[in-house]
There are 2 protein chains.
Amino acid sequence: MKRNTWQREAVRGALDANDGFVSAQALHSALHSTGSPIGLATVYRALADLADTGDADSLQSPEGESLYRACSTNDHHHHLICRNCGLTVEIEADAVETWAKDVAAKNGFTAAAHVVDVFGLCAACTATAAASAK
Amino acid sequence: MKRNTWQREAVRGALDANDGFVSAQALHSALHSTGSPIGLATVYRALADLADTGDADSLQSPEGESLYRACSTNDHHHHLICRNCGLTVEIEADAVETWAKDVAAKNGFTAAAHVVDVFGLCAACTATAAASAK
DNA sequence: ACCTTGCTGATAATGATTGTCAAAACCATT
DNA sequence: AATGGTTTTGACAATCATTATCAGCAAGGT
């Protein structure tokens with residue numbers, strides 16, 4: 001049976017409070033800094049659960065960390081992520097969906113899943129970078 | 001200056017000899033099993049170099065490992081990877097390229113890079129899976 | 001209130017990757 | 001062929017994220 005614990009709620013809340021993708025470690029630190037005595041292992045478990053139930057989205061940063069984010073919808077979708085500030089925009093990718101399916105089918109592949117994420121610098125960070133580069 | 005060492009050649013050779021993506025660890029074991037006394041750290045360094053110069057492609061498996069593959073071209077392209085046997089097909093993705101650029105631009109993002117990879121079961125593995133499921 | 005059983009959390013364990021640094025190898029030069 | 005300045009190597013330690021362990025606590029049904 002699935003139980004309701006304040007820890008699970010805390011993790012969900014911390015995720016919701018965040019705009020972009022966060023690492024499990026960062027989430028744990030954040031919770032600790034607000035005084036929560038939640039354990040690191042529990043954060044990992046809660047995140048895995050949320051990802052399983054579709055309440056959260058997970059992806060791998062190019063550096064190899066697992067990042068998580070509260071999902072506004074549980075439809076399948078992709079992300080545009082600022083590599084500097086972590087700002088995330090959910091994007092529609094119907095074109096990519098069908099393309100992925102096509103390509104897989106053409107090559108005899110089945111059970112196709114895909115990883116499609118775009119990393120870049122958001123407008124704000126671009127401006128900052130340009131300013132500091134001067 | 002960049003020097004030519006047999007170790008670098010060995011890594012490149014081992015990559016070329018492989019059809020799919022391989023982890024650095026696997027490559028190291030493979031080299032060892034052929035009698036090469038190459039060090040693990042050196043394999044990592046060689047792979048990083050190859051990836052830098054565009055001679056190899058790297059991606060993160062869903063499990064978080066870094067995988068490498070010899071690249072037949074150094075054009076930008078993507079992959080269709082069998083999650084069972086590691087077979088890899090290089091795919092053209094012009095549609096996705098432009099889509100990624102569009103999406104990024106529309107949201108004010110610059111310096112857009114993207115991670116686009118399709119995982120699935122190749123025809124052979126699909127057949128095997130179906131057979132064993134019976 | 002009680003009891004069963006899942007959940008928690010401190011810590012150890014794991015596994016991949018990177019840093020360190022002395023010794024060895026490379027390449028141009030003598 | 002010997003020399004010298006540098007780069008590269010490789011064994012091992014260090015790091016980092018994540019997972020396993022396991023005893024104690026707590027949630028929910030009865």
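Treat the numbers as computed from the prediction; the structure is a model and nothing was measured. Convention: sequence-line order gives letters A, B, ...; per-chain numbering from 1.
Taken from CD1 in Ile81(A) to CG in Leu67(A), the straight-line distance is 7.5 Å, to the nearest 0.5 Å.
Atom C1' of nucleotide dT8(C) and atom NE2 of His32(A) are separated by 12 Å, given to the nearest angstrom. The CD atom of Glu65(A) sits 13 Å away from the P atom of dT18(C) (whole-angstrom rounding). Rounded to a whole Å, the CD atom of Glu9(A) is 14 Å from the C1' atom of dC7(C). Between Gln7(A) atom CD and dA10(C) atom P there is a gap of 11 Å when expressed in whole angstrom units. Taking atom CG of Asn4(A) as the reference point, atom P of dT5(C) lies 20 Å away to the nearest angstrom. Atom pair Lys2(A):NZ and dC7(C):P shows a separation of 6 Å (rounding to whole Å applied). One interatomic measurement links the two molecules: NE2 of His28(B) to P of dT18(C), which rounds to 15 Å at whole-angstrom precision. The OH atom of Tyr68(B) sits 7 Å away from the P atom of dT17(C) (whole-angstrom rounding).
Heavy atoms of Ser23(A) sit nowhere under 4.0 angstrom from any nucleic acid atom.
Ranked by how close their nearest DNA chain C nucleotide is to the 5' end, Ala24(B) and Trp6(A) are led by Trp6(A). For Arg3(B) and Gln25(B), each mapped to the nucleotide of DNA chain C holding its nearest heavy atom, the one lying further toward the 5' end belongs to Gln25(B).
Comparing the helix axis at one end of the helix from dA1(C)-dT30(D) to dT30(C)-dA1(D) with that at the other, each defined from 5 consecutive pairs, gives an inter-axis angle of 30° (nearest 10°).
Considering all non-hydrogen atoms of both residues, Val43(A) and His28(A) come closest at CG2-CD2, 3.9 Å. Heavy-atom minimum distance, Leu31(B) versus Ala10(B): CD2-O, 3.9 Å. Counting all heavy atoms, side chain and backbone alike, Gln25(A) lies closest to Tyr44(A) at NE2-OH, 2.8 Å. Nearest heavy-atom pair, Glu90(A) versus Ala70(A), reported as atom, atom and distance to 0.1 Å: OE2-O, 4.4 Å.
Taken residue by residue, residues 37-50 of chain A places heavy atoms nearer than 4.0 Å to DNA chain C at Pro37(A), Ile38(A), Gly39(A), Ala41(A), Thr42(A), Arg45(A).
Side-chain atoms of Tyr68(A) and Leu50(A), non-hydrogen and from C-beta on, never get closer than 4.5 Å to each other. Contact of the Val11(B) side chain with the Leu27(B) side chain is registered, since non-hydrogen atoms from C-beta on lie closer than 4.5 Å.
Checked against salt bridge (charged side-chain N to carboxylate O under 4.0 Å, His left out), Asp49(B) has the following partners two or more places apart in sequence or in another chain: Lys2(B), Arg8(B). Thr110(B) meets the side chain to side chain donor-acceptor pair (under 3.5 Å) test with Thr126(A); sequence neighbours excluded. Not counting sequence neighbours, Arg45(A) has no partner by the salt bridge (charged side-chain N to carboxylate O under 4.0 Å, His left out) test.
Note on ring orientation: taking the six-membered ring where Trp is involved, the planes of His78(B) and His114(B) are tilted (angle from 30° to 60°).
Here chain A contacts DNA chain D (any atom closer than 4.0 Å to a heavy atom, that is under 4.0 Å), and the contacts span dA17(D) to dG28(D) from 5' to 3'.
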